[in-house]
S.K.: 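Before we start, here is the structure in question, set down as structure tokens.
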Amino acid sequence: MKRINFIVVLIATAVLSGCVPPGGQRPQVQTAPAKSQAQIERDKIFQQFKYASEQSAKCSNDLIASNDDVKKLSQELIYMSETSPYKLELMASKKKITASQKALFNRVYPEMMKCREANLKNLAGSPFYSVIADLNNRTDGNYLKLLSGEITIGDANQAKAKSIEQLRNDITTVQNNLNSNFQAAHNREAADRQQNTQRMHEYLMQQERIQAQQQLQRSQQNMQLMQPLLNPPAPAPVPMPTTTNCSTYSGGITCKTN
């Protein structure tokens, strides 16, 4: 079963949201085989994940483009994407958060939460929901340590990088489990469909035998009804003609019938 991978899309957005035929011949039309119910359900889940990732990316990008505080936060505290030019510098920082940076974080965090909540809402009912929820919990724990001064800015960004790597592994695990479960369901469904097809074939064959037998019975009945017409009874014998001979004599007439 084809594996659908949306890890790159999600990782690109996870950081901020708290989750990170030429002409000529006429083409031949080929009809794709009908999907099983298991395949339909699998595609539905992956499409939901793809949509949630795309919407999370849009929310994050819009926030970065419209909010100067987010831009400043990405330069001084937490890198916002894997391609950020500040990533390596922030991961190597030995500094701890300052009071002004805490105020900056407090202004940005509610906006980040909007993207996070929207992402979780789009993932509701999906097996990927728990993966993103776990990432959010790890991210918040990391933020609390940073804000309390327990860890440095570099430590916080290194922890973020580890969380993103764990996210990749978690998503891969969910995908593999889904593909395995849906493949098993697809196989069961295919076996059931084959069994049902065989049963239907046997039923139709039985119906054909019944119809053939009924047709034979009707033919025999019709033959019986037509029998008098095909073999009418022999006519009664015609009586032979008779001849009467009469002769006269002195005393009268004498007749003899042959």
Side-chain angles (χ1 to χ4, degrees), residues 1-20 32-64 78-84 87 108-145 156-196:
M1 187 173 291
K2 185 178 179 181
R3 174 180 168 184
I4 305 176
N5 196 330
F6 301 114
I7 295 178
V8 175
V9 177
L10 183 62
I11 296 304
T13 63
V15 180
L16 185 58
S17 63
C19 59
V20 258
K35 291 184 178 181
S36 67
Q37 188 60 37
Q39 290 173 321
I40 293 174
E41 291 299 323
R42 178 205 61 183
D43 292 348
K44 181 179 178 181
I45 290 176
F46 282 126
Q47 285 298 323
Q48 180 184 6
F49 182 52
K50 179 181 178 181
Y51 174 79
S53 300
E54 291 172 345
Q55 292 302 305
S56 179
K58 182 178 184 304
C59 184
S60 300
N61 292 334
D62 290 347
L63 185 58
I64 293 172
I78 302 294
Y79 70 90
M80 293 299 171
S81 72
E82 293 300 293
T83 59
S84 170
K87 178 181 177 180
V108 170
Y109 186 74
E111 298 301 320
M112 296 166 59
M113 285 294 295
K114 293 179 182 179
C115 291
R116 174 190 292 186
E117 292 170 356
N119 191 34
L120 288 175
K121 182 178 180 180
N122 288 329
L123 288 172
S126 164
F128 291 100
Y129 182 97
S130 60
V131 171
I132 303 306
D134 288 344
L135 173 65
N136 292 342
N137 291 334
R138 294 195 302 270
T139 300
D140 285 342
N142 187 36
Y143 288 159
L144 288 174
K145 291 180 180 180
N157 283 277
Q158 290 174 29
K160 176 178 285 294
K162 291 180 180 179
S163 286
I164 292 175
E165 182 62 28
Q166 183 174 344
L167 174 65
R168 292 190 180 99
N169 295 333
D170 290 345
I171 291 176
T172 298
T173 298
V174 171
Q175 288 178 328
N176 290 339
N177 289 339
L178 282 173
N179 286 329
S180 177
N181 292 337
F182 280 124
Q183 183 63 55
H186 170 74
N187 292 341
R188 289 193 299 270
E189 187 176 344
D192 291 343
R193 185 164 56 246
Q194 183 176 3
Q195 186 177 19
N196 291 337

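When a residue number appears, it is its place in the shown sequence, counting from 1. Quick caveat: nothing in here was measured; it's all calculated off a predicted structure.
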S.K.: So Arg116 and Asp140, salt bridge (Lys or Arg N to Asp or Glu O under 4.0 Å) or not? Walk me through it.
M.R.: CA-CA 12 Å; Arg116 174 190 292 186; Asp140 285 342; 2.9 Å; yes

S.K.: Quick test of your reading: applying ring pair (Phe, Tyr, Trp, His ring centres under 6.0 Å), list the pairs with at least one residue in residues 114-135, sequence neighbours left out, ordered by first then second residue.
M.R.: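 Residue pairs with at least one partner in residues 114-135: Phe49-Phe128.
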
S.K.: Once you round to the nearest 0.5 Å, how far does OG of Ser81 lie from CD1 of Ile64?
M.R.: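 Rounded to the nearest 0.5 Å, the OG-CD1 separation comes out at 7.0 Å.
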
S.K.: Please examine the side chains of Glu165 and Arg168, heavy atoms only from C-beta on, and report whether any two atoms are closer than 4.5 Å.
M.R.: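 With C-beta onward as the side chain, the pair touches.
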
S.K.: Can you sort out the partners of Lys114 under side-chain contact (heavy atoms from CB on, under 4.5 Å), two or more places apart, ordered by chain and number?
M.R.: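 Glu111.
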
S.K.: How about Val108 and Leu63: do any of their side-chain heavy atoms sit closer than 4.5 Å?
M.R.: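 Val108 does not reach Leu63 side chain to side chain.
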
S.K.: Using only atom types and a distance under 3.5 Å, with no angle test, would you say the side chain of Asn119 pairs donor to acceptor with the backbone of Ser56?
M.R.: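 A pair under 3.5 Å: no.
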
S.K.: I'd like to check the side-chain contact (heavy atoms from CB on, under 4.5 Å) partners of Leu144; sequence neighbours left out, ordered by chain and number.
M.R.: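 Result, side-chain contact (heavy atoms from CB on, under 4.5 Å) vs Leu144: none returned.
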
S.K.: If you take all heavy atoms of Asn122 and Gln55, which pair is closest and at what distance?
M.R.: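 Heavy-atom minimum between the residues: ND2-CB, 3.7 Å.
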
S.K.: Identify the heavy atoms of Ser60 and Cys115 that sit nearest to each other, and give their distance.
M.R.: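 Reported closest heavy-atom pair: N-SG, 3.9 Å.
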
S.K.: Please report the shortest heavy-atom distance between Ala133 and Leu120, naming the atom on each side.
M.R.: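 Closest heavy-atom pair between Ala133 and Leu120: N-CD2, 4.2 Å.
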
S.K.: I need the Lys87 NZ to Gln158 CD distance, nearest 0.5 Å.
M.R.: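 It comes to 11.0 Å.
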
S.K.: Are the charged groups of Asp134 and Arg138 less than 4.0 angstrom apart, N to O?
M.R.: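 No, no charged N to carboxylate O under 4.0 Å.
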
S.K.: To check you understand the geometry: which heavy-atom pair defines the closest contact between Asn142 and Ala156, and what is its length?
M.R.: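 Smallest heavy-atom distance, with atoms named: ND2-O, 2.8 Å.
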
S.K.: For the pair Leu135 and Asp170, evaluate side chain to side chain contact (heavy atoms under 4.5 Å, CB included) and give the outcome as yes or no after the intermediate values.
M.R.: CA-CA 10 Å; Leu135 173 65; Asp170 290 345; over 6 Å; no

S.K.: Within the distance-only criterion (no hydrogens, no angle test), does the side chain of Thr173 pair as donor or acceptor with the backbone N or O of Asn169 below 3.5 angstrom?
M.R.: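 Checking the backbone N and O of Asn169 against the side chain of Thr173, a donor-acceptor pair under 3.5 Å is found.
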
S.K.: I need the minimum non-hydrogen distance between Gln48 and Ser126, along with the two atoms involved.
M.R.: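 That closest heavy-atom pairing would be OE1-CB, 3.6 Å.
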
S.K.: Using side-chain heavy atoms (C-beta onward) and a distance below 4.5 Å, is Pro127 in contact with Leu178?
M.R.: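 When only atoms from C-beta onward are counted, Leu178 and Pro127 do touch, with a gap below 4.5 Å.
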
